[in-house]
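Inspection log for the structure reproduced underneath, given as structure tokens.
Computed from heavy atoms alone, side chains included, the values below leave out hydrogens, waters and symmetry copies.
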Amino acid sequence: MESIDKVKGTFERRVTATDKGQVSVAVIRRLPRYHRYLGDLLRAGRFRISSAELSKLMGVTASQIRQDFNCFGGFGQQGYGYNVKYLHAKIGELLGMSEGYRAVIVGVGNLGKALASTHMFERRGVTVVALFDKDPRIVGTEYNGYKVHNVSELGDFCRRENIHIGVLTVPKESADECASVMGDAGVRGIWNFANMELSAPNPGVVVQNVHMGDSLMTLCFGMKAGGEKGIFDDQV
């Protein structure tokens, strides 16, 4: 196995000097994909890779890979390439996987249950603590080991349990109110599946709006266009 010590230092020296606000959204969106591919390489027993080799795997130019990593310090050394384990860990740090974020899911319908049933959160360093709903038929029950609380308790619970992330799978008519309650309770991030554009309820709260229907329509557009190269370049 290649020594991580050979490439330590670049990240530590330069990431503190990086103005993260100047990193483009496109670069940030690529970080999870880099992390996923590097994880696959680790599981395959690969511990060193060049930008050219990573380029072939991901369909991103080697130049783009180097530019992206240079936003955060570079990570590699000329003539050596990248230490896969080190790079995987450092990108995980950039993505907040070591922050110990705690989350609640608000809305225990089909989507909320599906999210509560996956290992997606824990694999990314996020701990789901509880579920919330207003339906008296399910409040007080458990689903997949999580207690379902009354949504009227949402604010107090988030304050008491130091919740960082709120996952919204409620009808869009309820999304603004739930987001406002969580923002006032100190929740710092909202993952919104409510099929509407949700704005940050308070300064400092980050909102990620997810529109699965938009993604499906983008897929349909790509098929109608004959799968031409470049249709989905924004994903890489």
Side-chain angles (χ1 to χ4, degrees), residues 28-29 31-33 35-36 38-40 42-43 88-89 91-216:
I28 294 168
R29 285 177 175 170
L31 288 179
R33 192 162 179 255
H35 191 267
R36 174 160 47 87
L38 290 164
D40 290 343
L42 275 179
R43 286 185 286 274
H88 183 258
I91 292 178
E93 288 182 19
L94 287 172
L95 292 170
M97 294 181 65
S98 59
E99 296 295 316
Y101 291 137
R102 293 160 59 81
V104 294
I105 298 175
V106 186
V108 193
N110 291 334
L111 179 55
K113 288 179 178 177
L115 291 173
S117 300
T118 71
H119 296 291
M120 171 185 59
F121 292 96
E122 61 190 68
R123 288 173 178 168
R124 289 158 179 82
V126 178
T127 301
V128 175
V129 178
L131 312 180
F132 286 83
D133 205 281
K134 66 178 183 180
D135 188 341
R137 295 172 296 179
I138 61 173
V139 170
T141 64
E142 286 192 2
Y143 182 79
N144 199 38
Y146 301 112
K147 183 177 179 180
V148 181
H149 297 261
N150 195 307
V151 73
S152 64
E153 305 169 6
L154 180 59
D156 289 340
F157 184 94
C158 289
R159 291 187 188 92
R160 184 175 68 250
E161 299 297 330
N162 191 29
I163 301 301
H164 308 97
I165 298 172
V167 183
L168 283 181
T169 66
V170 297
K172 61 183 179 181
E173 295 80 10
S174 305
D176 275 322
E177 181 179 358
C178 289
S180 179
V181 168
M182 289 191 292
D184 290 343
V187 171
R188 295 162 52 194
I190 297 175
W191 200 20
N192 173 40
F193 291 85
N195 197 32
M196 50 89 74
E197 290 295 318
L198 184 66
S199 299
N202 296 327
V205 177
V206 178
V207 176
Q208 180 70 39
N209 293 304
V210 181
H211 296 279
M212 290 185 288
D214 289 4
S215 180
L216 176 61

key: side chain to side chain contact (heavy atoms under 4.5 Å, CB included) assessment of Phe121 paired with Val167   = CA-CA 11 Å; Phe121 292 96; Val167 183; 4.0 Å; yes

Heavy-atom side-chain proximity of Leu168 to Met182 below 4.5 angstrom = yes

key: From CZ (Arg124) to CZ (Arg36), nearest 0.5 Å   = 8.5 Å

remark   = By salt bridge (Lys or Arg N to Asp or Glu O under 4.0 Å), Glu153 pairs with (sequence neighbours left out) none

ask   = OH/Tyr146 to OG/Ser117 distance, rounded to the nearest 0.5 angstrom?
value = 8.5 Å

inquiry  = Test of understanding: with side-chain hydrogen bond (donor to acceptor under 3.5 Å, both in side chains), list the residues that count as partners of Arg43, not counting sequence neighbours.
reply    = Asp40

message = So if I apply the side-chain contact (heavy atoms from CB on, under 4.5 Å) rule between Leu154 and each of Val181, Ile163, Val187, which one comes out positive?
response = Val181

request  = Please examine the side chains of Ile190 and Pro201, heavy atoms only from C-beta on, and report whether any two atoms are closer than 4.5 Å.
outcome  = yes

inquiry  = Checking Thr118 now: which residues fulfil side-chain hydrogen bond (donor to acceptor under 3.5 Å, both in side chains) with it, not counting sequence neighbours?
reply    = none

ask   = Which side chain to side chain donor-acceptor pair (under 3.5 Å) pairs, counting each pair once, include a residue from residues 176-202, with sequence neighbours left out?
value = Asp184-Asn202, Asn192-Asn209, Glu197-Asn209, Glu197-His211

request  = If a pair satisfies salt bridge (Lys or Arg N to Asp or Glu O under 4.0 Å) and one of its residues is in residues 203-212, list it, with sequence neighbours excluded.
outcome  = none

request  = Using the side chain to side chain donor-acceptor pair (under 3.5 Å) rule, collect all pairs that involve residues 161-170, keeping only residues at least two apart or in two chains.
outcome  = Arg102-Glu161

With Asn144 via side-chain hydrogen bond (donor to acceptor under 3.5 Å, both in side chains) - residues at least two apart = none

Pair Leu111-Met212, side chain to side chain contact (heavy atoms under 4.5 Å, CB included): steps then yes or no = CA-CA 11 Å; Leu111 179 55; Met212 290 185 288; 3.9 Å; yes

remark   = In terms of heavy-atom contacts, Arg123 and Met97 come closest through O-CE, 3.3 Å

remark   = Rounding to 0.5 Å, atoms CD1 (Ile105) and NZ (Lys113) come to a distance of 12.5 Å

Distance-only criterion, 3.5 Å: show the donor-acceptor pairs between side-chain atoms of residues 125-136 and protein atoms not counting sequence neighbours.
unit_1	atom_1	unit_2	atom_2	d
Asp133	OD1	Asp135	N	2.9
Asp133	OD2	Val108	N	2.7
Asp135	OD1	Arg137	N	2.9
Asp135	OD1	Arg137	NE	3.1
Asp135	OD2	Arg137	NE	3.2
Asp135	OD2	Arg137	NH2	2.8

note = Smallest heavy-atom separation, Val104 atom then Cys158 atom, equals CG2-SG, 4.3 Å

query = At what distance, to the nearest 0.5 angstrom, does CZ of Phe193 lie from CG of Leu115?
reply = 5.0 Å

remark   = Taking every heavy atom of Leu198 against every heavy atom of Ala179, the minimum-distance pair comes out as CD2-CB, 3.7 Å

note = side-chain hydrogen bond (donor to acceptor under 3.5 Å, both in side chains) filter on His88, not counting sequence neighbours, yields His35

